[in-house]
Amino acid sequence: MRLSKKFYNRKTLTVARELPGKYLVRRIGRKTIVGMITETEAYCGFRDLASHASKGLTPRTKTMFGPAGHAYVYMIYGMYHCLNIVTEKEGYPAAVLIRSVAINDRQGTVVDGKKNKLLNGPGKVCREFKIDKKLNAVDMCRSGELWIEEHGGEIKPNQIKKGKRIGIDYAGKWKNKLWRFYI
DNA sequence: TATACGATCACCT
DNA sequence: GGTGATCGTATAC
């Protein structure tokens with residue numbers, strides 16, 4: 001079942017904690033790619049120095065200020081894209097970064113010599129799912145191209161671990177927050 | 001108009 | 001462990 005706006009329109013940490021174990025679905029024409037989310041990070045509020053939104057509202061970060069359930073896609077290092085999902089109410093800048101996804105192909109197709117493929121890193125996730133700026137600001141509650149499903153029962157809450165966020169050494173005290181969730 | 005740098009990855013030592 | 005690739009964005013002139 002597809003996650004509704006109700007799911008995303010809650011506290012960012014709650015959404016980030018519950019997303020691991022859910023399924024990211026990407027439809028391109030007739031082809032569908034499905035992967036289980038295995039790692040997320042929360043970025044929330046004006047004061048979080050690790051969040052792009054701490055610099056204020058700009059054309060780039062506008063999506064993060066928008067309604068919950070929208071995809072926030074941005075380019076990093078000129079070569080990679082990162083996928084985020086906007087959370088909380090419109091006007092409050094918050095999002096959950098999808099850091100890692102495990103592809104379990106339902107048809108059993110071999111991917112990279114293995115049946116299962118772990119996409120550990122937001123850049124790899126976006127490369128595999130063919131996510132780029134065109135998907136920025138799409139409504140994941142309604143889009144026919146990108147959304148998240150819940151199948152239920154696969155992951156128990158006690159399998160989800162938490163830790164410090166990664167790659168944000170510049171964020172001062174904010175870098176030590178335990179806002180990263182993974183399986 | 002120009003410049004510096006980043007929520008990364010791959011490849012080098 | 002360290003660094004180059006490579007470009008959109010923010011910030012500074």
Side-chain angles (χ1 to χ4, degrees), chain A residues 3 8 10-22 24 26 33 35-88 91-103 111-114 116-138 140 146-148 160-183:
Chain A
L3 297 181
Y8 303 111
R10 296 181 296 162
K11 290 189 73 169
T12 308
L13 287 177
T14 306
V15 177
R17 192 168 58 233
E18 293 186 11
L19 273 179
K22 305 278 190 285
L24 181 65
R26 171 83 168 105
I33 307 171
M36 189 178 71
I37 297 168
T38 54
E39 194 175 346
T40 66
E41 283 181 17
Y43 289 83
C44 55
F46 303 94
R47 287 168 38 238
D48 180 3
L49 290 179
S51 167
H52 295 157
S54 65
K55 300 252 166 78
L57 176 65
T58 68
R60 176 207 198 186
T61 61
K62 200 174 109 196
T63 308
M64 252 204 283
F65 289 77
H70 282 199
Y72 172 44
V73 181
Y74 65 92
M75 175 162 279
I76 188 66
Y77 299 119
M79 345 169 57
Y80 296 103
H81 295 274
C82 292
L83 171 64
N84 304 248
I85 302 154
V86 179
T87 59
E88 309 212 24
Y92 184 80
V96 176
L97 168 68
I98 306 298
R99 272 198 78 80
S100 177
V101 165
I103 292 182
V111 182
D112 259 13
K114 293 183 196 163
N116 300 320
K117 184 179 187 181
L118 182 64
L119 300 171
N120 54 338
K124 294 180 193 171
V125 170
C126 289
R127 192 178 54 191
E128 194 69 27
F129 280 76
K130 297 185 170 45
I131 290 167
D132 60 30
K133 270 174 49 178
K134 290 196 292 292
L135 287 170
N136 188 34
V138 305
M140 295 180 73
L146 183 68
W147 67 91
I148 294 175
I160 297 177
K161 303 181 193 305
K162 63 182 173 182
K164 292 178 186 177
R165 291 183 290 181
I166 291 175
I168 52 166
D169 286 348
Y170 61 88
K173 64 173 183 177
W174 294 93
K175 80 177 183 190
N176 290 324
K177 297 247 175 231
L178 298 175
W179 285 359
R180 169 169 166 256
F181 301 92
Y182 57 98
I183 296 175

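Residue numbering restarts at 1 for every chain, and letters A, B, ... go by the order of the sequence lines. Below, all heavy atoms of this structure are taken into account, side chains as well, without hydrogens, waters or symmetry copies.
The NE2 atom of A/H52 sits 7 Å away from the C1' atom of B/dG6 (whole-angstrom rounding). Look at CD1 on A/I98: it is 16 Å from C1' on B/dT8, rounded to the nearest Å. Distance A/D169 CG to B/dG6 P: 10 Å, rounded to the nearest Å. If you take CD of A/E41 and P of B/dA7, they are 11 Å apart, rounded to a whole angstrom. What separates OH of A/Y170 from P of B/dT8 is a distance of 8 Å, to the nearest Å. Atom CG in A/L119 sits roughly 11 Å away from atom P in B/dA10 (whole-Å rounding). Rounded to whole angstrom, the span from the CG atom of A/L49 across to the C1' atom of B/dG6 amounts to 15 Å. Remark: P of C/dG4 and CD1 of A/I76 are 18 Å apart, rounded to the nearest angstrom.
Relative orientation of the A/W179 and A/W174 rings is tilted, given thresholds of 30° and 60° on the angle between their planes.
When the P atom is used for both B/dA4 and C/dG4, the distance is 16 Å, rounded to whole Å.
A sub-4.0 Å separation between OP1 or OP2 of B/dT8 and a side-chain N or O of A/R127 is absent. Contact annotation: A/K124 side-chain N/O to B/dA10 OP1/OP2 distance is under 4.0 Å.
Separating the CG atom in A/L83 from the CE atom in A/M140 is a distance of 5.5 Å, to the nearest 0.5 Å.
Nucleotide B/dA7 has no partner under the Watson-Crick or G-U criteria, as no pair reaches both atom distances under 3.5 Å.
Counting only heavy atoms from C-beta on, A/R60 has its side chain closest to C/dT9 among B/dA7, C/dA5, C/dT9.
The residues A/E41 and A/R99 are annotated as salt-bridged, a charged nitrogen and a carboxylate oxygen being separated by less than 4.0 angstrom.
Judged by distance alone with a 3.5 Å cut-off, a donor-acceptor contact links the side chain of A/Y74 to the base of B/dA7.
Between A/Y80 and A/T61, the residue anchored closer to the 5' end of DNA chain C is A/Y80, taking for each the nucleotide with the nearest heavy atom.
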